[in-house]
Amino acid sequence: MTATDTHRAIDAVWRIESAKLIAGLTRMVRDVGLAEELAQDALVVALEKWPETGVPDNPGAWLMQTAKNRAIDRLRRRKLLDRKHEQIGYELESDQDGHEEKFFDKLDDDIGDDLLRLVFISCHPVLSTEARVALTLRLLGGLTTDEIARAFLAAEPTIAQRIVRAKRTLADAQVPFEVPRGEELAQRVSSVLEVIYLVFNEGYSATAGDDWMRPNLCEDALRLGRILAGLMPKEAEAFGLVALMEIQASRSKARTGPDGQPILLLDQDRSRWDRLQIQRGLAALERAVQLGGSDGPYVLQAAIAACHARAATAQDTPWARIAQLYQRLAARTPSPVVELNRAVAVSMAFGPQAALPLVDALLQEPSMKQYHLLPSVRGDLLFKLGRREEARVEFERAAGLTRNARERDFLLGRAAECA
């Protein structure tokens, strides 16, 4: 194996093992920042040694043992007995036989629980949404600061500072490394799901930049969603989110043309949809329903996506059923965006004339003033009604609001059709 191959292998191992490594270390040192530092130390050692010795048979265990050794060295050297590490110091002081290694052997226990705890810390409500996303991708996704910055088209120092501040906020707030209980659990699960879906959506329909999609972000979100569903096998909404992401991601290859231009759902070549991924999504949806989550927001959205996935052709799409599902979703989680999507379904089921009043009712909604899809949808309805000059104005307005170059070109193309 060449040095290049080894470094690729190390990168792959890190993406797979880093979250478990950081989770186990956090349980013991009670400081997510210190845990990540110890994990990074282990990675540096791997980068130094593995090109010469080769990748170990169990690289995850090798990294864990190396991180343990580094942690033990730090504890011996610094005698971390300040308030933050008082519990660790007490246990070490009570074990005067020099058996720190036994103490750290606990790192290998309950790794699933540790991962779940790390998920809840990364997505803690004490952090801003932007900080939750960045920290989750860093700690659970294994992404570098540079990768996160490129994914969200942000400056690397900005992302670095965001992550540093997030860790400091968690430490200052003394956020416990535990799975919340009772009413707090439901609120925190909602926060976790929101973060994962935000990551997925940014990959599926990029808000800015030259590309309409960033598939790597979709893959990262899907991996995190699958992990969460595995860790919380009775959480219907976790399976609902996985179902939604699987079904949406199944269309990825059909969503862009040869030059990267967007292809709308009804115009996509459905033979290019990933049927295996659709089946995985439908299975996750079925599991969510079995768990009693039929009216959960993510389960309802997954049910809508399933309507499209099950339709052999665009003409077979059950638009009336989709409109009903959007109505249920709006009752569960009122949102002008949901209402806009419902209007699209109503248009497809009952005609543009039935949908236009629904869209017009959203024009005065403050949160929709800068939302480019509102004039885009309105322009499409006006175009179908033969009101082409009004449609052109709407498409041009939508093009002026979007920050995505591919979407802007597409909308300007729609405006040109109105001439």
Side-chain angles (χ1 to χ4, degrees), residues 1-80 84-85 88 92 98-109 111 114-115 118 121-122 134-151 155-157 159-164 166-168 171 177 216 219-220 223-224 227:
M1 182 180 286
T2 66
T4 301
D5 291 336
T6 302
H7 279 91
R8 285 177 182 160
I10 293 171
D11 182 63
V13 167
W14 180 253
R15 290 293 175 94
I16 295 168
E17 301 291 343
S18 61
K20 290 185 286 185
L21 188 61
I22 295 168
L25 290 163
T26 301
R27 172 159 56 91
M28 299 311 297
V29 302
R30 302 293 171 178
D31 184 325
V32 71
L34 176 58
E36 190 195 7
E37 193 175 330
L38 291 167
Q40 290 285 346
D41 286 347
L43 176 62
V44 170
V45 176
L47 288 167
E48 291 172 351
K49 292 189 174 181
W50 289 4
E52 296 179 3
T53 63
V55 178
D57 292 337
N58 191 337
W62 190 99
L63 286 168
M64 182 65 85
Q65 186 59 52
T66 301
K68 286 181 188 179
N69 293 339
R70 288 295 173 117
I72 291 168
D73 288 344
R74 281 178 179 242
L75 288 169
R76 283 173 173 165
R77 211 168 44 241
R78 299 183 182 180
K79 299 184 185 299
L80 298 175
K84 191 189 307 181
H85 300 93
I88 300 171
L92 284 177
H99 293 152
E100 293 97 332
E101 289 82 356
K102 289 182 182 178
F103 179 64
F104 277 89
D105 283 342
K106 296 177 185 176
L107 283 169
D108 297 327
D109 298 337
I111 192 64
D114 287 343
L115 270 177
L118 187 62
I121 277 189
S122 301
L135 195 61
T136 298
L137 288 174
R138 176 63 177 248
L139 299 182
L140 292 161
L143 274 66
T144 65
T145 305
D146 175 61
E147 287 172 325
I148 299 170
R150 282 190 280 111
E156 187 174 353
I159 296 297
Q161 282 299 311
R162 192 172 292 168
I163 292 171
V164 168
K167 293 176 188 174
R168 187 182 303 130
F177 188 60
N216 288 343
E219 292 169 11
D220 287 326
R223 182 158 52 87
L224 293 174
I227 289 172

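Worth saying up front: this structure is predicted, and the values here are computed from it rather than measured.
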Open item on the list: With ring pair (Phe, Tyr, Trp, His ring centres under 6.0 Å) as the rule and sequence neighbours excluded, what pairs involving residues 14-40 come up?
Closed with: none
- [ ] Could I get the full list of salt bridge (Lys or Arg N to Asp or Glu O under 4.0 Å) partners for Arg162, not counting sequence neighbours?
- [x] none
Task: Pair listing, ring pair (Phe, Tyr, Trp, His ring centres under 6.0 Å) test, anchored in residues 15-36, at least two apart - done: none
Task: Contact check, side chains of Trp62 and Val55, non-hydrogen atoms, under 4.5 Å - done: no
Task: OG1-CG distance between Thr66 and Leu38, expressed to the nearest 0.5 angstrom - done: 11.5 Å
Open item on the list: For Ala39 versus Leu21, what's the shortest heavy-atom pair and its separation?
Closed with: CB-CD2, 3.7 Å
Task: Distance in Å, Leu63 CG paired with Leu25 CG, rounded so as to fall on 0.5 Å steps - done: 10.5 Å
Task: Nearest non-hydrogen partners of Asp114 and Phe177, listed with the distance - done: O-CZ, 3.6 Å
Open item on the list: Using every non-hydrogen atom in the two residues, find where Ala35 and Thr26 come nearest and quote the distance to one decimal.
Closed with: CB-OG1, 3.1 Å
Task: Atom pair CD1/CG of Ile22 and Leu34 - distance to nearest 0.5 Å - done: 11.5 Å
Open item on the list: Can you give me the closest heavy-atom contact between Ile10 and Ala46, atom names plus distance?
Closed with: CD1-O, 3.8 Å
Open item on the list: Between Leu118 and Val32, is there a side-chain heavy-atom distance shorter than 4.5 Å?
Closed with: yes
Open item on the list: Under the salt bridge (Lys or Arg N to Asp or Glu O under 4.0 Å) definition, can you give me all pairs with a residue in residues 43-65, not counting sequence neighbours?
Closed with: none
Task: For Thr53, all residues meeting side-chain hydrogen bond (donor to acceptor under 3.5 Å, both in side chains), sequence neighbours excluded - done: none
Task: Partners meeting salt bridge (Lys or Arg N to Asp or Glu O under 4.0 Å) with Glu17 (sequence neighbours left out) - done: Lys20
TODO: Heavy atoms only: give me the nearest Leu139-Ser122 pair and the separation to one decimal.
DONE: CD1-OG, 3.7 Å
Task: Spatial distance of atom NZ (Lys167) from atom CZ (Arg138) [nearest 0.5 Å] - done: 5.5 Å
Task: Validation row: Ile159, Ile163 side chains within 4.5 angstrom (heavy atoms) - done: yes
TODO: Specify the closest pair of heavy atoms between Leu140 and Arg223, including all atoms of both residues, with the distance to one decimal.
DONE: O-NH1, 3.9 Å
